[in-house]
Number of protein chains: 2
Amino acid sequence: MPLRPELSLAQRKRQLVSDELTGAALKLLARKGFDAVTIDEIVLAAGVSKRTFFRYFASKEDVVIQFLSEMGASMRAELAGRPAHEPPSVALRHAVWVSIDACAGHADGALRVVQLILGTPPLLARFLERQAQWRDGLAQELAHRLERDPETDLYPQLAAGMALTAYGTVLQRLSDSDGAEDPATLTDRAFAVIAPALDTPVQAPGPSRARVSSSAAGEARISRVAET
Amino acid sequence: MPLRPELSLAQRKRQLVSDELTGAALKLLARKGFDAVTIDEIVLAAGVSKRTFFRYFASKEDVVIQFLSEMGASMRAELAGRPAHEPPSVALRHAVWVSIDACAGHADGALRVVQLILGTPPLLARFLERQAQWRDGLAQELAHRLERDPETDLYPQLAAGMALTAYGTVLQRLSDSDGAEDPATLTDRAFAVIAPALDTPVQAPGPSRARVSSSAAGEARISRVAET
DNA sequence: AGCTCCCTTGACACTTAATGCCATGTCGGG
DNA sequence: CCCGACATGGCATTAAGTGTCAAGGGAGCT
């Protein structure tokens, strides 16, 4: 009756193999670089067959990316859990923070993994693709939260994109500074920059949208870009 | 004396082969989908050897990506050419526009290529990676333009990132609507959303940055995210 | 216990992407 | 006419990724 031993043992076994694989891969990749490591080496270190590797990961990139992967769901969950009255900039900052905190805070080699990703073009590419999925999820959540129609309104997509831009920029700094800079401060500063756009209200998408931006620069106006 | 016949003939020959390859590849990929087409098919259609293909493109993805590739340089050049007094939101909008215009306006299958990229994960990944490079270029240009120090100031990276977020969102809409929506209008609307952040001045990165966002929501404040 | 069903694994074969190496051909210049 | 630079093609090779099949080991049932 393995109906409730937390997890069905078969699943725990599966998790075990996955962890072993991830561990071996991360260790090798961090030491020798991404393309200097073959899958054969990884499976040798992990003690499974190559075929099994591909039953757990779709590609060599996936071993690394999946490691940071639940974060997408975490971010969305955090956003969904924020109080409804919170302005977007604050809710999104908290959402993004759960991921940044996991990367920087989690004392183990999480930072090293980020550096590996950011410094390896194929990994970066996959990571950005994953982020695009996160963005869609956040946008959906935002649209629901603010009762905006994602079909006509550009705001949800843009707001989610801006938040993830901040996310990426913070990770970049963290990586470049080798963890020396403070993640929380960086996050605050980044969101201070994008907040004016995140928290500007209405944006009525009507046909005559001639409005003035809330910019303090006293310049930028809406004007057609037309045939320049 | 081939010292000035426009281009050295050898280079024109090279361009010819490249075009042939690109044309054959794009035609096949658009019809059969990305991974249903092998390089052997492409080189057969183009009439060159497989080995030659890889002398022109680093990978199958590159055939498609390089097609939209000069755009990065174009965007940066446009930004560099905008009058210095122009607020960032306007200058960036014009910069991004040169690429959007090329995608949507250029009557040939440019839109089809965009749809192919956006609908094919590996291509999307490479495309986003390329965009990240563009972003660094734009950020550098912005930093120079506004005399901000890219080492300490997050604004250049974030502003460039926001502009490219707008870019990507517009492309997405264009792709989804099959070109039905007006590119110029979409671009204007997208930049209307992000402009408040782009054109907000100072952002002094001093140690005590407790400031109020310019939000009209009358809410969003800067507060430490800290240990939530 | 014995049986069966299902899931996981490993081994083998195979396709395809991508790179290295070398021989050949061609253009252009001395 | 010869020579060097460069582009090409063919060949061999590594590595990624997939399909298939047979064996093993739990879990449930009788």
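All values below were derived from every heavy atom in this structure, side-chain atoms included, with hydrogens, water molecules and symmetry-related copies excluded. Throughout, a chain's letter reflects where its sequence line sits, starting with A, and its residues are numbered from 1.
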For this session: Rounded to 10°, tell me the angle between the two end axes of the helix from C:dA1-D:dT30 to C:dG30-D:dC1, each built from five pairs.
Result: 0°
For this session: Mind calculating the distance between CD (B:E20) and C1' (D:dT8) to the nearest angstrom?
Result: 16 Å
Exercise. Between B:S49 and D:dG10, does any side-chain N or O lie under 4.0 Å from OP1 or OP2?
Worked result: no
Exercise. Just checking, any donor-acceptor pair under 3.5 angstrom between side chains of B:D136 and B:Q140?
Worked result: no
Exercise. OP1 or OP2 of C:dT8 sitting under 4.0 Å from any side-chain N/O of A:Y56?
Worked result: no
For this session: Classify the side-chain pair A:D178/A:Q115 by whether it contains a donor and acceptor separated by less than 3.5 Å.
Result: yes
For this session: Go through the structure and list residues passing ring-ring contact (aromatic ring centres under 6.0 Å, His included) with B:F54, not counting sequence neighbours.
Result: none
Exercise. For the pair made of CG in B:L21 and P in D:dA7, what is the distance, rounded to whole Å?
Worked result: 15 Å
For this session: Could you tell me whether A:R93 sits above the aromatic face of A:Y167, with NZ or CZ closer than 6.0 angstrom to the six-membered ring centre and within 45 degrees of the axis?
Result: no
For this session: Please determine if A:E78 and A:R82 form a salt bridge, counting it only when a charged side-chain N lies under 4.0 Å from a carboxylate O.
Result: yes
Problem set entry | ring-ring contact (aromatic ring centres under 6.0 Å, His included) partners for A:F34, two or more places apart | none
Problem set entry | side chain to side chain contact (heavy atoms under 4.5 Å, CB included) against A:A132, all qualifying residues, sequence neighbours excluded | B:L128
Exercise. With sequence neighbours excluded, what pairs up with A:K32 under the salt bridge (charged side-chain N to carboxylate O under 4.0 Å, His left out) test?
Worked result: A:E41
Exercise. What string of B, S and - do you get for nucleotides 12-25 of chain D, 5' to 3', if B is base contact, S is sugar-phosphate-only contact and - is no contact with any protein heavy atom under 4.0 Å?
Worked result: ---SSBBBB-----
